[in-house]
Amino acid sequence: MIKRFMTGALVLLAAAAVFPIFFLVCGSLMGDGELAGLLAPVLENREGFAAWKLLPEYPTLRSYIKLLLDSPEFFVMFWNSVKITAGVLAGQILVGAPAAWGFARFRFPARGALFTLYIALMMMPFQVMMLSNYLVLDGLGLLDSIEGIVFPAVFSTFPVFLMYRFFAGLPEALIESARLDGAGELQIFLRMGIPLGSPGMISAAVLGFLENWNMLEQPMAFLKTKEKWPLSLYLPNISMDQAGFAFAASVLVLLPAVLVFLAGQDYLEQGIVSTAVKE
């Protein structure tokens, strides 16, 4: 009885979590007339409440056709998002993996204090660091550029913290045996640390993709030229009278994040399991 109750409760919670996506997809398949009739109180400031249907009465792909064939600015901003996200992830792996390995495998003066500083920086919201980031980017001449968005995010502390946990979980006996065999520290990192810690690196990349693909505040603060906007700034600027277009754009923006999460789900699970490895 309890098992059935728990199963039913989990099904209801899963349905509540999936419903907004179902709502989004259905809206993208509705025609402009149908959406106008359902959302008239919102779109036209009429009295009453907006209505909704579980399924479109007359499904159509018109919004997707308009978005993919008649909206070149969508593709410009899509590639801006790709460049920002790819640049940030590549930089975070190149910078964060050696830093996490150093914290996990080496003992040096002020190591604890420095790692505590990393944790403190990780907890600070963007608004706290915005002015200092703005001044640094202005001094480097990187304002209003893709590089100005990528550069601060490369040195994010969260990937270091996450990869540190995975590197710290590697058995010390394994590392010592490699040292006894004559392997240098760089060889150990490249040939043992990266392969064995790859679940942590992929986990950091998956979570970093989900964060940076939807990045909003940094582009809003540092980008002025519309042609350099990512999709996160494109969506809020779609006018209210283009509801179907907005639904279709939202679905296409959501799709890469869903695919990356599904592709990296096993690595996330492996990474969680790897933290339980003991000597």
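This chain uses plain numbering: 1 for the first residue, then up along the sequence.
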Is there a side-chain contact between [X] and [Y] in this structure, where contact means two heavy atoms from C-beta onward sitting under 4.5 Å apart?
X: I119; Y: T157; answer: no
X: F166; Y: S203; answer: yes
X: M77; Y: K226; answer: yes
X: W101; Y: I194; answer: no

Point to revise | With sequence neighbours excluded, residues passing side-chain hydrogen bond (donor to acceptor under 3.5 Å, both in side chains) with Q242 | key: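 Once residues adjacent in sequence are excluded, the partners of Q242 under the side-chain hydrogen bond (donor to acceptor under 3.5 Å, both in side chains) criterion are S239.
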
**Study point:** Partner residues of T85 under the side-chain hydrogen bond (donor to acceptor under 3.5 Å, both in side chains) criterion, sequence neighbours left out
**Key:**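 Partners of T85 under the side-chain hydrogen bond (donor to acceptor under 3.5 Å, both in side chains) test: none.
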
Between [atom1] of [X] and [atom2] of [Y], what distance do you get to the nearest 0.5 Å?
X: L207; Y: F261; atom1: CG; atom2: CZ; result: 9.0 Å
X: F75; Y: L67; atom1: CZ; atom2: CG; result: 6.5 Å
X: S250; Y: F23; atom1: OG; atom2: CZ; result: 11.0 Å
X: Q187; Y: D181; atom1: CD; atom2: CG; result: 11.0 Å
X: Y64; Y: S28; atom1: OH; atom2: OG; result: 2.5 Å
X: L216; Y: L233; atom1: CG; atom2: CG; result: 5.5 Å

What heavy-atom pair brings [X] and [Y] nearest, and what distance separates the two atoms?
X: M192; Y: L174; value: CE-CG, 3.3 Å
X: M163; Y: A204; value: CG-CB, 4.2 Å
X: G193; Y: L170; value: CA-CD1, 4.3 Å
X: G87; Y: V150; value: C-CG1, 3.7 Å
X: P98; Y: I93; value: CD-O, 3.8 Å
X: A97; Y: F167; value: O-CE1, 3.6 Å

Practice item. Starting from L131, walk the hydrophobic network (Ile, Leu, Val, Met, Phe, Trp, Tyr; side-chain heavy atoms closer than 4.5 Å) and list everyone else you reach, by chain and number. Key: L135

Check your understanding: Who else is in L255's hydrophobic cluster (ILVMFWY, side-chain heavy atoms under 4.5 Å, direct or via others)?
Key ->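 The other cluster members (ILVMFWY side chains, heavy atoms under 4.5 Å, direct or chained) are L259.
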
Whether the side chain of [X] engages the backbone of [Y] through a donor-acceptor N/O pair (distance < 3.5 Å, no angle test) should be reported.
X: T60; Y: R62; value: yes
X: T225; Y: K228; value: no
X: K66; Y: F245; value: no
X: S81; Y: L231; value: yes
X: Q92; Y: A153; value: yes
X: N212; Y: L89; value: no
X: E34; Y: E57; value: yes
X: S198; Y: P195; value: yes
X: N80; Y: I146; value: no
X: S71; Y: L68; value: no

Practice item. Name all residues meeting the side chain to side chain contact (heavy atoms under 4.5 Å, CB included) criterion together with A221; count only those two or more places apart in sequence or in a different chain, and write none if there are none. Key: F126, M130

Exercise for review: Would you please name every residue forming a side chain to side chain contact (heavy atoms under 4.5 Å, CB included) with I202, sequence neighbours left out?
Suggested key: V206, Y267

Check your understanding: Looking at the rings of W213 and F78, which for Trp means the six-membered one, are their centres under 6.0 Å apart?
Key ->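 Between F78 and W213, which both carry aromatic rings, the centre distance is below 6.0 Å.
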
Exercise for review: May I ask you to check whether W229 and Y234 place their ring centers less than 6.0 Å from one another?
Suggested key: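 No.
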
Point to revise | N-O pairing of R179 and E172 below 4.0 Å | key: yes

Practice item. Salt-bridge test for E185 and R105: reply yes if a basic N is under 4.0 Å from a carboxylate O, no otherwise. Key: no

Side-chain heavy atoms nearer than 4.5 Å, only ILVMFWY residues, links allowed to pass through others: does that put [X] and [Y] together?
X: V260; Y: L252; result: yes
X: L94; Y: F155; result: no
X: I21; Y: V11; result: no
X: L10; Y: F22; result: no
X: F161; Y: M124; result: yes

Check your understanding: Checking side chain to side chain contact (heavy atoms under 4.5 Å, CB included) for the pair F222/N133: CA distance, chi angles, key distance, verdict?
Key -> CA-CA 9 Å; F222 301 145; N133 286 341; 3.8 Å; yes

Practice item. For the residue pair Y164 and F115, categorise the inter-ring angle as parallel (less than 30°), tilted (30 to 60°) or perpendicular (more than 60°). Key: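 Ring orientation, 0 to 90° scale: tilted.
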
Point to revise | Parallel, tilted or perpendicular: rings of F108 and F103 (30°, 60°) | key: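 F103 vs F108 ring planes: tilted.
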
Practice item. Please lay out, stage by stage, how Y134 and L137 fare under the test side chain to side chain contact (heavy atoms under 4.5 Å, CB included). Key: CA-CA 5 Å; Y134 185 93; L137 294 176; 6.0 Å; no

Check your understanding: When you look at CZ of R111, are more than 12 heavy atoms from neighbouring residues, nucleotides or ligands closer to it than 6.0 Å?
Key -> yes

**Study point:** Any donor-acceptor N or O pair under 3.5 Å, side chains N214, S232
**Key:**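 No, S232 and N214 have no side-chain donor paired with an acceptor closer than 3.5 Å.
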
Check your understanding: F151 and L140: side chain to side chain contact (heavy atoms under 4.5 Å, CB included), yes or no, with the steps?
Key -> CA-CA 11 Å; F151 182 70; L140 295 174; 4.0 Å; yes

